[in-house]
> 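A single structure is presented below for examination.
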Amino acid sequence: MSSLIKTAQAGTLESGDIMITIAPATTEGGVLLDLDSIVLAQYGTAIRKTILDIISELGVTDIYIKAVDRGALDCTIKARTLTALGRAGVVCEGELL
């Protein structure tokens with residue numbers, strides 16, 4: 001089980017990148033993902049799955065995620081999500097991410 005300590009963000013709004021902002025959920029409502037993407041119709045489902053898979057693997061609960069995508073590749077989405085979680089102070093199994 002991981003805990004989110006503070007709000008954090010990673011990425012930019014440049015073409016080919018994604019900005020991930022995470023914050024503790026205001027209520028115990030689980031994981032809330034707000035996705036804005038220039039390729040939402042084509043890749044929205046895949047982007048959501050990538051982000052949610054990382055959150056699930058780390059056991060993070062009660063989190064709000066705002067993702068603003070500008071055509072990022074899957075590896076970039078993963079890197080930005082992990083970076084934002086690390087900056088937020090997500091603790092996994094006794095260690096900081």
Side-chain angles (χ1 to χ4, degrees):
M1 180 69 101
S2 302
S3 62
L4 187 66
I5 298 171
K6 62 182 178 179
T7 301
Q9 116 181 1
T12 68
L13 296 176
E14 297 292 323
S15 180
D17 203 353
I18 186 169
M19 181 177 286
I20 303 284
T21 305
I22 59 172
T26 55
T27 62
E28 292 186 23
V31 177
L32 177 62
L33 173 57
D34 183 10
L35 176 62
D36 177 25
S37 176
I38 60 172
V39 292
L40 188 62
Q42 297 92 344
Y43 299 107
T45 302
I47 295 168
R48 284 181 194 281
K49 182 177 179 344
T50 298
I51 295 169
L52 293 175
D53 283 352
I54 292 169
I55 299 300
S56 176
E57 286 175 22
L58 296 176
V60 178
T61 58
D62 302 325
I63 182 175
Y64 170 75
I65 307 159
K66 171 70 176 173
V68 181
D69 174 56
R70 296 292 177 248
L73 297 174
D74 192 55
C75 57
T76 303
I77 296 167
K78 289 178 184 177
R80 299 301 190 211
T81 303
L82 288 170
T83 300
L85 288 167
R87 289 177 179 171
V90 170
V91 177
C92 296
E93 299 175 12
E95 296 182 19
L96 277 176
L97 186 80

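We use all heavy atoms of the structure for the numbers below, so side chains are in, but hydrogens, waters and symmetry mates are not.
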> Sort out for me which residue in V60, L52, T61 forms a side-chain contact (heavy atoms from CB on, under 4.5 Å) with V31.
L52

> Of all the heavy-atom pairs spanning A8 and A88, show the shortest one and how long it is.
CB-N, 3.5 Å

> List in chain and number order the residues that pass side-chain contact (heavy atoms from CB on, under 4.5 Å) with L32, two or more places apart in sequence or in another chain; answer none if no residue qualifies.
Y64

> Please list all pairs meeting side-chain hydrogen bond (donor to acceptor under 3.5 Å, both in side chains) that have one or both residues in residues 14-24, counting only residues at least two apart or in different chains.
Q9-T21, T12-D17, D17-R80

> Scan I54, I51, L73, I18 and name whichever one has a side-chain contact (heavy atoms from CB on, under 4.5 Å) with K78.
I54

> Please test L58 against L82 for side chain to side chain contact (heavy atoms under 4.5 Å, CB included), starting from the C-alpha separation and ending with a verdict.
CA-CA 10 Å; L58 296 176; L82 288 170; 4.0 Å; yes

> Check whether V90 and M19 end up in the same hydrophobic cluster, where Ile, Leu, Val, Met, Phe, Trp and Tyr are linked by side-chain heavy atoms less than 4.5 Å apart.
no

> Do I20 and L35 sit in the same hydrophobic cluster, where Ile, Leu, Val, Met, Phe, Trp and Tyr count as joined when their side-chain heavy atoms come under 4.5 Å apart?
yes

> Kindly write out the residues that satisfy side chain to side chain donor-acceptor pair (under 3.5 Å) with D36, not counting sequence neighbours, or none if the list is empty.
none

> In sequence, state the C-alpha distance, the side-chain angles, and the governing distance for D69 and L40, and then conclude on side chain to side chain contact (heavy atoms under 4.5 Å, CB included).
CA-CA 9 Å; D69 174 56; L40 188 62; over 6 Å; no

> Hey, could you give me the CD1/NZ distance between I77 and K49, rounded to the nearest 0.5 Å?
12.5 Å

> Determine the minimum heavy-atom distance between A23 and T7, stating which atoms define it.
CB-OG1, 3.5 Å

> Working to the nearest 0.5 angstrom, can you tell me the gap between D53 CG and R48 CZ?
13.5 Å

> Could you pull out the closest heavy-atom pair between A10 and A84, with the gap in Å?
CB-N, 3.7 Å

> For a side chain to side chain contact (heavy atoms under 4.5 Å, CB included) check, start with the C-alpha distance between I63 and L85, then their side-chain angles and the critical distance, and finish with the verdict.
CA-CA 10 Å; I63 182 175; L85 288 167; 4.0 Å; yes

